Amino acid sequence: MLMLSLSLHMKLHPTCSGAFLQVYPEPQTMDTMCGGWTETRHADKETQWICDQVRSLVQGKTSKIYQEYRAITYRTQVVAGINYIFKVCVGGPKYIHVKVFQALPCYGGHLKLSGVQEDKTQDDAHEPF
């Protein structure tokens with residue numbers, strides 16, 4: 001059974017200094033629960049922008065400089081902000097998973113690198129870490 005609900009999605013816009021809320025209907029199945037992770041989605045310009053904001057932190061954590069750093073897919077979890085897990089292509093068959101927390105606008109909307117997993121493949125699932 002499919003039910004429609006409204007989900008709040010907060011995004012920092014790359015051309016704005018502040019954050020804004022975007023509300024749109026998102027299909028959810030009955031077994032989706034609050035605080036659960038979404039299904040895997042294809043990355044877009046906005047999610048790439050988020051990845052780009054933490055790129056230097058990721059490179060510092062992994063002690064590597066990535067010539068390629070392209071968000072491919074992602075999952076989100078709405079908490080007191082938004083957790084993201086990104087699959088990022090870092091050259092050829094090499095991938096990493098990057099976890100980022102985005103605070104609510106009332107708390108500044110800042111981004112925080114929460115973790116990085118190296119040695120991933122294109123087929124590895126986005127498991128929470």
Side-chain angles (χ1 to χ4, degrees):
M1 172 176 248
L2 185 68
M3 81 175 178
L4 287 179
S5 67
L6 289 180
S7 296
L8 286 178
H9 289 272
M10 179 191 67
K11 297 185 179 176
L12 285 175
H13 195 276
T15 60
C16 299
S17 59
F20 63 92
L21 285 177
Q22 179 179 7
V23 180
Y24 59 92
E26 178 179 306
Q28 297 182 353
T29 59
M30 293 297 283
D31 60 343
T32 300
M33 25 181 4
C34 289
W37 289 89
T38 62
E39 294 299 318
T40 301
R41 300 173 180 166
H42 293 286
D44 57 21
K45 289 179 186 177
E46 292 178 25
T47 52
Q48 180 64 53
W49 182 84
I50 293 170
C51 279
D52 290 342
Q53 300 309 299
V54 298
R55 181 177 183 162
S56 63
L57 297 172
V58 169
Q59 292 179 149
K61 192 166 187 84
T62 62
S63 300
K64 295 178 182 169
I65 302 296
Y66 299 112
Q67 298 302 314
E68 182 178 353
Y69 184 83
R70 185 171 38 98
I72 305 298
T73 53
Y74 71 101
R75 293 176 69 188
T76 62
Q77 176 191 41
V78 177
V79 290
I82 301 176
N83 282 319
Y84 293 88
I85 296 178
F86 297 99
K87 180 184 299 281
V88 179
C89 180
V90 292
K94 297 179 182 176
Y95 292 82
I96 59 174
H97 288 179
V98 176
K99 187 174 180 185
V100 176
F101 173 75
Q102 184 175 35
L104 292 170
C106 59
Y107 296 114
H110 68 276
L111 297 170
K112 176 186 172 194
L113 177 65
S114 303
V116 179
Q117 291 182 332
E118 297 182 81
D119 302 318
K120 295 296 183 178
T121 67
Q122 182 177 3
D123 298 325
D124 286 334
H126 299 69
E127 295 300 328
F129 61 97

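These numbers come from the heavy atoms of this one structure, side chains and all, not from hydrogens, waters or symmetry mates. Predicted model only: the values in this text are computed from it and were never measured.
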As an exercise, state the distance from [atom1] of [X] to [atom2] of [Y], rounded to the nearest 0.5 Å.
| X | Y | atom1 | atom2 | answer |
| --- | --- | --- | --- | --- |
| I72 | T40 | CD1 | OG1 | 12.5 Å |
| H110 | L104 | NE2 | CG | 10.0 Å |
| Y107 | Q102 | OH | CD | 15.0 Å |

- Note on the structure: In short, G92 meets C89 closest at the heavy-atom pair O-SG, 3.7 Å
- Query: Which heavy atom of A71 sits nearest a heavy atom of F86, and at what distance?
  - Reply: CB-CD2, 4.5 Å
Between [X] and [Y] (side chain of the first, backbone of the second, donor and acceptor by atom type, cut-off under 3.5 Å), is there such a pair?
| X | Y | result |
| --- | --- | --- |
| Q53 | K112 | no |
| T38 | T76 | yes |
| Q59 | Y66 | yes |
| K120 | K87 | no |

- Message: So, applying side-chain contact (heavy atoms from CB on, under 4.5 Å) with H97, which one of E118, R75, Q117 is it?
- Response: Q117
Please say yes or no: joined through hydrophobic side-chain contacts below 4.5 Å, possibly via intermediate residues, are [X] and [Y] part of one cluster?
| X | Y | answer |
| --- | --- | --- |
| I96 | L113 | yes |
| W49 | V100 | yes |
| L57 | Y74 | yes |
| V116 | Y84 | yes |
| Y95 | I85 | no |

- Item | Non-hydrogen side-chain atoms of E68 and V90 separated by less than 4.5 Å | no
- Assess whether atom NZ of K94 is packed by more than 12 heavy atoms of other residues, nucleotides or ligands within 6.0 Å. no
- Task: Would you mind telling me which of H42, H126, Q122 makes a side chain to side chain donor-acceptor pair (under 3.5 Å) with T73?
- Result: H126
